[in-house]
Every structure is written in structure tokens, then in C-alpha cells.
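Just below is one structure, and these are the notes that go with it.
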Amino acid sequence: MDIIVRPGNSLWQFSEVFKIPLQLILDSNENINPQFLRVGQRVRIPGFVTNNYQIKQGDSFWQIAQSRNLPLVALLLVNPDLNPNRLQIGQMIRIPQRITWRLVEGKQNYTYTHMMNDLRKLLDAYPFLHSSNIGNSVLGKELPELSIGHGEKRVHYNGSFHANEWITTPIILTFLNDYLLALTNQSSIRGISPFSLYQQTFLSIVPMVNPDGVDLVIQGPPNDEALRNQLIAWNNDSADFSGWKANIHGIDLNDQFPAKWELESARNPKTPGPRDYGGERPLSEPEAIAMADLTKQRDFSRVLAFHTQGRVIYWGFENLEPPESEVLVNEFSRVSGYEPIQSAGSYAGYKDWFIQDWRRPGFTVELGSGTNPLPISQFHDIYEESLGIFLAALYM
């Protein structure tokens, strides 16, 4: 929601009127100097929308504000050109409404298009949330990173490294949506104040590392005949891509990182296919390169890669992980019921590379249980299990 500055206005006043933490308003308007507001400037108020309302017989600003539990000044701020003493029947006014509902619609077959539509809604409603493009997929889809907060603890979540594990994307984005809701409504999540997390952490999220693969699993192969035929051939001559994990080149993105890549490559398939082929060399694929470049740039304190399935959390690599990792994973286990496993004996994964090169905590969290892709009917249960992990990674 936007407000036009009038004489005497301040960001502190907007914070008081709309009951939004001042820091969130400051972070939603980084191009504005709060000490020198100019009349006519546009200020964004996070967590609100405006609805049009037509004046009826007997209406007054005071009565409208009372009926919606709004301070009168809130109506005056969003209708700066109206004289509240001269309302006319049929006149249209704007009424601010606090957002108290989720904008992310996660419980569905969650394609790249669904994700991008939901991200646009979140960024519009919560301008203290930021988005940047970290690279492009093989087929040219942008890979967005969402970031929130300015704290020293730099935490990273990612999802959908594997195509048929796409449910991880809406699970992560549902957590982000609930975090944003709690911040702007000044409510808690499982007894935890989100504003203290916001102040202490910088949260980075790449919700869909492998968009080409996700769309292949959900929608089937693309219309391009040559590519379609190639994919079906790689998929053992099957047009059923429900078991597909790789990117559109038939390369498994979580076997692409230079963490004993040669050992993983030696025991895995040697040609493109639905899963486990690590390519001809590490970091050959644009999606893996984008993730590696982001990780170097951001210098994360800890990373969590969300996969499915098994209800387990892998937390080690070659005994290179710091002692802090075991403390964290035990808390993750306590709040989720998931089993901590130090190592799966595999190599070349994203969290393996992070642990190896940074000697900081890295985790692969296997959400849910069953056969991939997990049925969307499990969405609520998986989210409730994983919510404690999302929170603990920020507060620990």
C-alpha cells in the first residue's frame, strides 16, 4: 500500500497509525531519507492493501473507521484529496486493510509459473523483501533469490535441486509467507518473535534451483520436437517423467559440486538420464554455477538444502563439519521428529561442498516420506513437521 506524504507526516507516524514496526517501513523505503520526507513523496506501507468503497447514505469517515477497527487518521492518510466533512453518496474512497491471509497458494502442482506469480504477490505486499536474479536455467528461466533481514547471521535455504522433489518449493515459500505475516502483524510463530529473528539474521532463499526439471515432471516434455525426443530417449523411452530428478540436460544438479566429485562420478551413470549423472565435470550446468556463485558471494553462516523424502537430516561430510553442526541438527531433530544422520556416504552434493570449503554447518533435509514426487495431500503434514526446522535455523 502506498501513501503520499503531506505536511507534518513522518515514517514514525505511519508506524504508529498502522502498527507496523518502524524498521519494516524503513526497509520498505530504502530510497527515502526518513529525516527529510518531501511532500508528495510516495511511501510504501508493508502488509496492507487498499480496497475501494462507495459511500452510502449515512456514512462518515469516523463510522467507517470504527466499523473496520481502524484509526480515523488511517483513512485520512490514504484519502489525502478528500474532505471528510463533505462526503457524497456514490463517492469512491480507499480503505486500508491489513493482510492477515497467505498469498502463497502452495497446495497444488507447483510449477515455475505458479512460483513466479506468488513471488510477485509477496514482493508487492512486503517491499522489505528483496529479489534478485542469480542466473538462468538451461532453458532461460530466471533463478530468483529472495532475501530478508540485515542481521549478521547469514542463513540460506534452497529447494527443488531435484525435479520430482518440487514440493519443497511451496513448503519453503509457505514458511516465508508465514514469516512475513508474523512480522507485519506483530504475532509469534510457535511462541517465537519473528522480529528478533529479522533483526539478527539475513535469510536467503532460492526456492526452485531446477525450474526446467520441475516443469518437466509436472507438465511433461516441452513442445520442441528434438528436445522432446531426446528427453524421452534419456528417460528409458518413457514419456512418464515422474521419476525425473535431473535438469533438462539430464544432469543431476546435486551431483555437480567439487566435493570428491570424481568418486561420485565413478560409481554413477556415465550418460544423461533421469538421475545421478553428474555431468562430464563439476559445475558444468548453469543452475549449479549460479548456486556456487551465490554461495561464494553471500558467505553464508549455514545452509539448508531441502529435498524429499525420508524424514532424515544429513549433517556431515568427511568429518569436516564443525561441532556446531551436531548441536544444530539435534535441535532440528527435536522440533521435527526427523532422524539426524551424519553421512550418507555420498559426494558432490551442495551441502557437501559447502561443508568442505567453508567448514560451516550444512544440511540436507529430506522432507516427508513415501515415493517421489510426494503427493500434494501430504503438504500440510510436511509443512507442520518442517516449520520447527525453518525457525530453529534462524534462532539457534
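Heavy-atom minimum distance, Pro222 versus Leu231: CD-CD1, 3.8 Å. Summarising the geometry of Leu146 relative to Leu176, their closest heavy-atom pair is CD1-CD2, 3.6 Å, with the distance given to 0.1 Å. Residues Ile95 and Leu70 approach most closely at CG2-CD1, 4.0 Å, considering heavy atoms. Taking each heavy atom of Ala393 and Lys153 in turn, the nearest pair found is O-CD, 4.4 Å. Between Thr168 and Ser160, the shortest heavy-atom contact is OG1-N, 2.9 Å. Closest heavy-atom contact between Val217 and Trp244: CG2-O, 3.5 Å.
Ring geometry for Tyr383 against Phe379 counts as parallel: the plane angle stays under 30°, on a 0 to 90° scale with 60° as the upper cut.
To the nearest 0.5 Å, the span separating CD1 on Ile55 from CD on Gln91 amounts to 6.5 Å. Rounding to the nearest 0.5 Å gives a distance of 12.5 Å between CD1 of Ile20 and CG of Leu26. Atoms OG1 and CG, on Thr111 and Leu216 in that order, are 13.0 Å from each other to the nearest 0.5 Å. A distance of 9.0 Å separates CG of Leu129 from CG of Leu203, quoted to the nearest 0.5 Å. Put simply, OH on Tyr338 and CD1 on Ile313 are 8.0 Å apart, with the number rounded to the nearest 0.5 Å. Within the model, atoms CD1 of Ile99 and CG of Asn185 stand 9.0 Å from one another, a figure rounded to the nearest 0.5 Å.
Other residues, nucleotides and ligands place no more than 12 heavy atoms under 6.0 Å from the CD atom of Glu225. Heavy atoms from other residues, nucleotides or ligands lying under 6.0 Å from CD of Glu152 number 12 at most. Within 6.0 Å of CG in Asn69 there are 12 or fewer heavy atoms belonging to other residues, nucleotides or ligands. Within a 6.0 Å radius of CG in Asn223, other residues, nucleotides and ligands contribute 12 heavy atoms or fewer. No more than 12 heavy-atom neighbours from other residues, nucleotides or ligands sit within 6.0 angstrom of NE2 on His380. Residue-environment remark: CZ (Arg190) exceeds the threshold of 12 foreign heavy atoms within 6.0 Å. More than 12 non-hydrogen atoms from other residues, nucleotides or ligands lie less than 6.0 angstrom from CD of Glu384.
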Practice prompt. Evaluate side-chain hydrogen bond (donor to acceptor under 3.5 Å, both in side chains) for Ser265 paired with Tyr277, printing each intermediate quantity in order.
Written response: CA-CA 7 Å; Ser265 177; Tyr277 172 56; over 6 Å; no
Fill in: side-chain contact (heavy atoms from CB on, under 4.5 Å) between Ile376 and Ile167, worked out
CA-CA 7 Å; Ile376 199 67; Ile167 200 171; 4.1 Å; yes
Worksheet item: Can Asp352 and Lys260 be said to form a salt bridge (Lys or Arg N to Asp or Glu O under 4.0 Å), step by step?
Response: CA-CA 9 Å; Asp352 304 332; Lys260 301 204 169 181; over 6 Å; no
Discussion item. Assess the residue pair Trp358 and Trp353 against the criterion (ring-ring contact (aromatic ring centres under 6.0 Å, His included)); give the C-alpha distance rounded to whole Å, side-chain angles, the decisive distance to 0.1 Å, and a yes or no.
Written reply: CA-CA 8 Å; Trp358 277 267; Trp353 170 72; 5.1 Å; yes
Worksheet entry | Check against side-chain contact (heavy atoms from CB on, under 4.5 Å), Arg298 and Phe202 | CA-CA 10 Å; Arg298 291 295 195 199; Phe202 169 87; 3.7 Å; yes
Discussion item. With side-chain hydrogen bond (donor to acceptor under 3.5 Å, both in side chains) as the criterion, how do Gln309 and Ser369 come out once you've worked through the C-alpha distance, each side chain's angles and the decisive distance to 0.1 Å?
Written reply: CA-CA 5 Å; Gln309 46 76 36; Ser369 58; 5.5 Å; no
Practice prompt. I would like to know whether Leu180 and Asp178 meet side-chain contact (heavy atoms from CB on, under 4.5 Å); could you show each step before the answer?
Written response: CA-CA 5 Å; Leu180 295 164; Asp178 285 356; over 6 Å; no
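Put simply, the side chain of Asn330 reaches to within 4.5 Å of the side chain of Pro340, judged on heavy atoms. Under the 4.5 Å side-chain criterion, counting only non-hydrogen atoms from C-beta, Val209 is not in contact with Asn254. Side-chain contact between Glu287 and Phe161 is absent, with no heavy-atom pair separated by less than 4.5 Å. Two residues are said to be in side-chain contact when any heavy atoms from C-beta on lie closer than 4.5 Å; Val206 and Met291 meet this criterion. The side-chain heavy atoms of Trp101 and Leu181, taken from C-beta on, include no pair separated by under 4.5 Å. In this structure the side chain of Tyr110 reaches within 4.5 angstrom of the side chain of Met115, judged on heavy atoms. Counting heavy atoms from C-beta on, the side chains of Pro373 and Trp166 come closer than 4.5 Å. Counting heavy atoms from C-beta on, the side chains of Leu283 and Pro258 come closer than 4.5 Å.
For Lys121 and Glu105, the salt-bridge test passes: some basic side-chain N is under 4.0 Å from an acidic carboxylate O. Residues Arg267 and Glu264 are paired through a salt bridge, judged by an N-O separation under 4.0 Å between the basic side chain and the carboxylate. The pair Arg44-Asp124 meets the salt-bridge criterion, with a side-chain N (NZ, NE, NH1 or NH2) lying under 4.0 Å from an Asp/Glu carboxylate O. Remark: Glu324 does not engage Arg360 in a salt bridge, criterion side-chain N to carboxylate O under 4.0 Å. With salt bridges taken as basic N to acidic carboxylate O contacts below 4.0 Å, one links Glu331 and Arg334. A salt bridge does not link Arg154 with Asp299: none of the charged nitrogens is closer than 4.0 Å to a carboxylate oxygen. Looking at Asp252 and Arg275, no side-chain N of the basic residue comes within less than 4.0 Å of a carboxylate O on the acidic one, giving no salt bridge.
A donor-acceptor pair shorter than 3.5 Å can be found between the side chains of Ser137 and Asp212. Ser284 and Gln256 form a side-chain donor-acceptor contact under 3.5 Å, judged by distance and modelled atom types alone. Between the side chains of Tyr53 and Lys56, at least one donor N or O lies within less than 3.5 Å of an accepting N or O. Counting only N and O atoms by type, the side chains of Ser242 and Asp240 include a donor and acceptor under 3.5 Å apart. Side-chain N/O atoms of Gln97 and Asn51 include a donor and acceptor closer than 3.5 Å. Side chain to side chain, Glu321 and Gln342 meet the donor-acceptor criterion of an N or O pair below 3.5 Å. In summary, the side chains of Ser193 and Ser188 do not present any donor paired with an acceptor at a separation below 3.5 Å, with no hydrogens or angles considered. In this structure, a donor-acceptor pair under 3.5 Å is absent between the side chains of Asp255 and Tyr347. Looking only at atom types and distance, the side chain of Asp27 has a donor-acceptor partner in the side chain of Gln23 under 3.5 Å away. Side-chain atoms of Asn9 and Arg6 include no donor-acceptor pair closer than 3.5 Å.
Judged by distance alone, the side chain of Tyr350 and the main-chain N or O of Ala292 form no donor-acceptor pair under 3.5 Å.
For residues 296-315, every residue pair satisfying the ring pair (Phe, Tyr, Trp, His ring centres under 6.0 Å) rule, not counting sequence neighbours, is listed here: His156-Phe300, Tyr157-Phe306, His162-His307, Phe306-Phe390.
Screening Glu339, Glu385, Glu366 for a salt bridge (Lys or Arg N to Asp or Glu O under 4.0 Å) involving Arg311 leaves a single residue, Glu385.
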